[in-house]
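In what follows, every chain begins at residue 1, and chains take the letters A, B, ... in the order their sequences are listed.
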Amino acid sequence: MQLWRRKSLWLALSVSWLLILLRVFPVLRLAEPARRQAGAPQSWPRWLDAELLQSFSQPGELLEDGPQPPQAPRAGSCTRGACFDTSRCRGGGLKVFVYPAVGPISETRRKVLTSIEGSRYHTASAAEACLLVLVLSPDTPPGECHPALPQWAGGKNHLVLGLHPAPCLRIFQLGQAMVAEASPTVDTFRPGFDVALPLLSEAHPLRGGALGRLQQHSPIPGVALIAVAGERGGWYTAGTNFSACPWDGRCEQDHGPKQTHPGVTLPNATFCLIPGRSPDAVHFLQALQAGCIPVLLSPRWELPFSEVIDWTKAAVVADERLPLQVLAALQEMPLTRVLALRQQAQFLWDAYFSSVEKVIHTTLEIIQDRISGASAHPSLLWNSPPGALWALSTFSTSPSDFPFYHLQQGSRPLGRFSALIWVGTPGQPPLKLIQAVAGAQHCAQILVLWSSKKPPPPRWPETAVPLTVLDGHGKASDRFLPYSAISTDAILSLDAHSSLSTSEVDFAFMVWQSFPERMVGFLTWSHFWDEAQGRWGYTGERANEFSMVLTSAAFYHRYYHTLFTHSLPKALRTLADESPPCVDVLMNFLIAAVTKLPPIKVPYGPWHQEARPPPLAPGGPRLGAEPQPAAQDCISQMAAGFGHMPLVSSRLRLDPVLFKDPVSVLRKKYRSLEKP
Amino acid sequence: MCASVKYNSRGPALIPRMKTKHRIYYVTLFSIVLLGLIATGMFQFWPHSIESSGDWSVEKRSVRDVPVVRLPADSPVPERGDLSCRMHTCFDVYRCGFNPKNKIKVYIYPLKKYVGEAGVPVSGTISREYNELLTAISDSDYYTDDITRACLFVPSIDLLNQNSLRVKETAQALAQLSRWDRGTNHLLFNMLPGGPPDYNTALDVPRDRALLAGGGFSTWTYRQGYDVSIPVYSPLSAEVDLPEKGPGPRRYFLLSSQVALHPEYREDLAALQARHGEAVLVLDKCSNLSEGVPAARKRCHEHQAFDYPQVLQEATFCMVLRGARLGQAVLSDVLRAGCVPVIIADSYVLPFSEVLDWKRASVVVPEEKMSDVYSILQSIPRRQIEEMQRQARWFWEAYFQSIKAIALATLQIINDRIYPYAAISYEDWNDPPAVKRGSVSDPLFLPLIPPQSQGFTAIVLTYDRVESLFRVITEVSKVPSLSKLLVVWNNQNKNPPEDSLWPKIRVPLKVVRTAENKLSNRFFPYDEIETEAVLAIDDDIIMLTSDELQFGYEVWREFPDRLVGYPGRLHLWDHEMNKWKYESEWTNEVSMVLTGAAFYHKYFNYLYTYKMPGDIKNWVDAHMNCEDIAMNFLVANVTGKAVIKVTPRKKFKCPECTAIDGLSLDQTHMVERSECINKFASVFGTMPLKVVEHRADPVLYKDDFPEKLKSFPNIGSL
């Protein structure tokens with residue numbers, strides 16, 4: 001008895017001690033390393049019972065929240081859905097009516113009105129319009145801010161546009177109208193509804209525009225790193241190693257070598273520091289034009305067109321409270337990023353800001369994008385050259401359909417082409433040409449655009465590729481209509497009188513595939529400034545350089561047909577119809593304005609020229625022709641229409657690698673390019 | 001004794017005897033057991049600093065054991081959120097200081113349990129998702145445990161679901177955080193804001209200046225550039241396995257899967273279905289579900305039951321309608337199924353809309369246009385729909401699929417605001433990996449023809465061939481557009497000739513001495529290079545004429561982003577050996593130009609020296625070969641464009657040489673060069689070189705035209 005009692009006592013004792021020891025020992029062992037080592041971060045604990053934690057929502061809670069009726073728009077606040085009736089734009093898309101000016105009209109306002117009237121969205125009838133624009137003037141006295149507008153209707157579907165800070169905008173009863181205002185403050189701006197405009201100077205040109213000043217991609221060595229926007233529109237540059245806060249006036253003495261530029265001279269520096277106050281917004285455009293990367297210090301105003309433009313690619317928005325960090329970051333910014341920012345700033349200037357017309361058209365394009373919803377411009381089209389004004393979303397919303405974005409998309413243009421042969425008077429079917437083109441390796445189809453008064457022959461020769469006859473209406477610009485029959489990216493545009501060999505076509509198409517955004521042609525013209533007459537001229541004489549290729553034998557992207565038909569002002573197309581050689585000039589102007597690059601010339605056998613039929617009837621053959629005197633003037637008129645001379649000259653021709661080399665012809669792929 | 005116990009145990013006299021003898025025994029026994037229990041318990045509940053770090057670095061303990069904080073009823077409540085807050089007004093950027101890595105530091109407060117004065121908990125301590133979220137932050141580069149160095153503070157108070165917390169007391173709990181300071185630099189996460197009946201679109205907890213990462217913001221409550229709009233996490237993301245389904249047309253054109261919809265919407269949907277029949281499928285709750293099937297996983301149309309979320313993969317477009325809240329978890333499920341969301345919730349701020357381009361992945365339709373939704377969708381081209389389907393799935397994978405993805409995207413957005421010069425680009429946020437791989441962004445993308453007046457800098461790499469070097473210098477100096485000549489003296493054992501011995505030329509001539517005889521010295525971005533155009537030329541290229549060089553410079557001006565050179569080469573795929581082969585025969589094609597005589601933009605010197613991928617630079621220096629091929633790879637890879645070979649010239653060193661450029665054409669040379677191509681192709685992971693069939697000649701080259709009127713007559717010999 002005693003024995004078992006003692007035994008059980010011992011047992012209990014030892015069990016308890018064992019329990020204690022088992023518990024204590026691991027703790028003792030753990031206790032030491034658990035002492036916090038300096039530097040070893042203490043992380044969020046891994047809970048032993050993490051698996052048992054409840055979810056943030058009860059089962060079914062995510063499904064069963066109490067239904068809510070659709071909400072009515074709150075008073076005083078507007079979004080596109082609530083205050084803009086897009087159904088009025090159904091059918092014809094955006095139609096813009098602008099209230100005519102009453103009484104004396106300021107220069108700026110006249111530019112705005114002209115720009116809107118020149119837009120392809122403009123309509124003269126207020127009843128037809130789905131957007132009504134009211135242009136405010138900075139000089140309207142506050143008492144006359146609210147003219148009696150018959151269609152006002154609480155401001156619905158209205159856009160109140162003030163290119164300069166207008167006192168009226170502050171006191172105007174805006175109702176449900178959208179506001180397009182220069183540099184609106186962040187607090188009053190309604191994203192997705194209002195439009196932020198740039199703050200332009202009074203002298204901003206109507207069209208064409210002040211060209212960007214960037215001449216080279218990388219910063220010029222020795223040019224100041226930073227320019228600072230000063231008072232009264234000036235800039236001063238400072239050496240690269242100034243290290244104080246030069247924009248808040250506190251460190252006045254630290255400016256270092258300082259240069260003051262009076263007036264509106266453009267800054268000459270890599271970065272342009274612009275303070276955040278609203279009046280300083282005018283510096284922003286100066287910086288863009290100069291190709292100086294804007295560094296905005298806590299801007300209190302909304303950046304222009306921020307709805308569509310990705311400003312992080314072109315400007316640096318920094319916190320004005322961290323001057324030293326900003327300076328250090330600018331000094332240490334990798335060259336790759338500096339290059340990208342510089343070029344993007346310049347591209348945006350050229351694409352959207354360089355003229356009043358571009359600013360206005362961009363504004364309308366943004367509203368059109370809002371209306372069109374899913375078929376709006378993708379961000380890539382807004383933010384890479386040539387910009388959304390040149391990349392029509394009505395053509396496609398898929399970037400790889402355009403000639404400009406193949407690199408970014410990792411895509412290639414379709415590997416075949418359509419030959420489009422224009423037949424004017426006298427209406428001879430170009431049988432020889434059809435055979436030559438149909439024999440080309442990558443020809444997909446032949447389209448004959450029959451523009452002669454004579455009816456087309458009922459039978460056409462058998463060709464290896466399908467041949468379609470399209471009905472032309474005898475107008476010269478008809479050849480650039482976006483025919484739906486064109487099924488390939490590339491078009492080989494030809495005249496009935498063109499003479500080409502299969503080999504020439506093959507080689508030219510190979511070249512075009514490397515340059516799908518340019519025109520690749522055989523015959524060239526060049527433009528020149530006629531000092532004596534004070535105007536532009538052009539010539540078909542052979543020279544060491546050229547700036548245009550003739551569309552009577554040229555490869556280009558089918559997108560340019562859409563662009564030619566839908567984006568050019570009607571006046572220019574009419575001009576081209578009246579004098580057929582002008583069609584060539586106009587197409588070259590258009591492509592040069594879009595790409596800012598010259599066309600490409602490929603070799604053309606001299607024997608073709610000899611075989612060329614002599615004299616030219618109007619609308620007839622133009623192959624290699626000297627432009628007629630009557631047509632000479634159209635280049636000047638077109639330069640006026642574009643606002644500047646977009647043509648760019650080139651001094652090179654692309655030949656096959658072994659072209660005319662003294663090596664065996666058997667080595668050469670394009671041997672018949674050298675002899676017929 | 002035994003007997004007596006037995007005996008006594010039967011009698012009532014037992015108890016007094018127990019008292020004396022057995023009591024001691026039992027008391028001892030019990031006390032020992034008790035001691036054991038107490039000791040066990042004590043160590044169980046010992047302060048955790050000792051037991052921490054289960055596997056030495058990570059703490060393991062229970063959520064139930066966290067310290068309890070009692071909030072007095074009169075403890076301060078923060079102000080309501082300030083709607084005018086912007087980063088530059090409400091955010092204290094000084095706390096972020098300057099960080100060379102451009103990363104903000106985030107501190108997480110330790111977990112505590114908050115109870116009101118009566119002892120009633122303020123909320124559940126922490127939800128599974130919030131724990132995951134804090135773990136994700138803690139595991140990221142943003143995390144710091146040093147409260148004094150932190151720039152952003154994340155409370156461990158779980159605010160994800162407003163329904164599971166008491167608003168006023170939670171606010172009091174926030175206010176007593178050690179660094180609260182009116183909420184400055186505090187980041188709160190909330191997915192389900194508001195509560196019945198009016199369901200506010202932002203968290204109702206007063207939070208003063210704190211940033212809110214909220215699911216379901218409307219434009220009225222969202223502070224643009226300050227708050228972050230986040231998705232409502234769908235727990236199905238983790239529960240259900242839903243493999244990706246490729247884009248393309250699907251069985252239903254439009255599908256609605258939400259169960260709690262306002263009757264008005266139901267009517268609209270029913271009308272849509274009536275009008276378009278089979279193409280539209282409207283699902284609702286199942287009325288007769290068998291036991292054990294979770295309601296969240298089934299949807300019904302009339303009597304037909306469908307598995308959810310699998311059914312979403314059967315539709316091209318999926319409706320995401322506003323419910324009581326704007327933010328709906330169904331958005332996450334829809335994206336995951338690769339179904340294009342049709343978002344009908346006016347004023348809803350879409351998740352991460354600050355950086356994500358929702359136009360590419362969704363269709364937003366105003367509520368009043370709901371009846372037209374079918375025709376709106378029908379007008380979208382098929383290719384664009386497929387693009388959107390792909391984009392939707394990618395958004396889910398990158399930013400919706402886990403709490404971790406949501407947390408890190410939120411922090412990245414705030415980080416980008418604070419360090420804008422190091423911010424992630426639109427393409428990084430929005431382009432799916434397949435597009436990123438295929439796309440090239442030319443670093444010199446602006447179409448620009450540099451002015452001729454600037455000229456070019458010729459760089460001659462030389463070792464000791466002084467005589468030939470002087471001849472090259474004399475020849476090059478005749479080129480009108482030359483603006484400076486730089487000789488890179490690569491011989492450390494021998495001094496360059498004295499100044500007086502050098503040829504007298506009309507432009508500045510600089511000699512740079514290098515520290516080591518390396519081929520990469522020729523591509524160093526020397527400060528002396530002031531022009532954008534660089535002509536790299538070997539010290540034995542004596543046959544290039546002044547016309548050829550001047551023309552080459554003119555061609556470069558028209559193609560400033562390309563290598564424009566004279567000796568053309570080609571790479572070929574060797575089908576027998578199954579690898580790349582170097583070709584120097586006179587072929588009809590060109591894919592490289594050698595930098596023994598080539599113009600290029602000086603930016604490529606910077607890229608070669610500092611951004612060359614992999615070990616190529618060292619490899620070239622070690623092998624003393626192929627720097628020119630490496631340059632061709634580099635330029636083709638960043639620009640995606642082909643080289644331009646200029647003029648017919650094929651011989652460069654001496655007229656009588658039969659070899660193309662005097663470089664030995666023996667077998668070993670060709671083998672080495674082929675090896676280089678294979679090596680570089682494997683480092684780049686692709687073959688960037690582009691093959692073309694053209695070269696650049698002057699416009700009137702070999703034309704029947706008076707020679708003296710041609711700009712570049714002296715071109716044409718091989």
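The backbone N or O of B/Y701 sits less than 3.5 Å from a side-chain atom of A/R653, completing a donor-acceptor pair. B/N161 contributes a side-chain N or O that, together with a main-chain N or O of A/F56, makes up a donor-acceptor pair within less than 3.5 Å. With hydrogens and angles disregarded, a donor-acceptor distance shorter than 3.5 Å links the side chain of B/R695 to the backbone of A/F659. With A/Q343 contributing its side chain and B/P443 its backbone, the two residues share a donor-acceptor pair below 3.5 Å.
Inter-residue side-chain proximity for B/F712 and A/N544 is flagged as unmet; no heavy-atom pair is nearer than 4.5 Å. Looking at heavy atoms from C-beta onward, B/Y426 lies in side-chain contact with A/S379 at the 4.5 angstrom threshold.
Contacts between A/Y405 and chain B at a heavy-atom distance below 4.5 Å are absent for every atom of the residue. For A/Q216, the parts lying under 4.5 angstrom from a heavy atom of chain B are both the backbone and the side chain. Looking at A/P386, neither its backbone nor its side chain comes within 4.5 Å of chain B, counting heavy atoms on both sides. For chain B, no part of A/S372 is nearby; none of its heavy atoms comes within less than 4.5 Å. Within the 4.5 angstrom heavy-atom criterion, no atom of A/T524 approaches chain B. In this structure, chain B has heavy atoms under 4.5 Å from both the backbone and the side chain of A/V511. Contact annotation for B/A296: both backbone and side-chain heavy atoms come within less than 4.5 Å of a heavy atom of chain A.
Taking each heavy atom of B/W586 and A/L658 in turn, the nearest pair found is O-CD1, 3.7 Å. Nearest approach of A/L652 to B/V699, heavy atoms of both residues: N-CG2, 3.6 Å. Residues A/D49 and B/S62 approach most closely at OD2-OG, 2.7 Å, considering heavy atoms. The minimum heavy-atom distance between A/Q42 and B/D145, with the atom names listed, is N-OD2, 2.7 Å. Minimum heavy-atom separation, B/V692 to A/V657: O-CG2, 4.5 Å. Residues A/R651 and B/F551 share a closest heavy-atom pair of O-CE1, 3.5 Å.
With respect to the salt-bridge test (charged N to carboxylate O, under 4.0 angstrom), the residues A/D655 and B/K702 do not qualify. Here B/D704 does not pair with A/R542 in a salt bridge; the nearest charged N to carboxylate O distance is not below 4.0 Å. The existence of a salt bridge linking B/R383 and A/D401 is confirmed by a sub-4.0 Å separation between a basic side-chain nitrogen and an acidic carboxylate oxygen.
When each of A/V602, A/L654, A/I600 is tested with B/H694 by the rule side chain to side chain contact (heavy atoms under 4.5 Å, CB included), just one qualifies, namely A/L654.
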- Take B/K650 and A/D661, measure what salt bridge (charged side-chain N to carboxylate O under 4.0 Å, His left out) needs, and give me the verdict at the end. CA-CA 10 Å; B/K650 289 170 186 61; A/D661 282 353; 2.4 Å; yes
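A distance of 8.0 Å separates CD in A/Q325 from OH in B/Y419, rounded to the nearest 0.5 Å.
If you tally non-hydrogen atom pairs under 4.5 Å between each of B/V364, B/I380, B/V93 and chain A, the highest count goes to B/V93. Counting heavy-atom pairs under 4.5 Å between each of B/M87, B/Q384, B/K359 and chain A puts B/Q384 at the top.
At most 12 non-hydrogen atoms from other residues, nucleotides or ligands lie less than 6.0 angstrom from CG of B/D527.
Between B/H601 and A/H217, the ring planes lie perpendicular to each other; the angle is over 60°, past the 30° to 60° tilted range.
Counted by atom type alone, A/W44 and B/N131 present one or more donor-acceptor pairs between their side chains at under 3.5 Å. Checked by atom type, the side-chain pair A/Q408/B/S441 shows no donor-acceptor distance below 3.5 Å.
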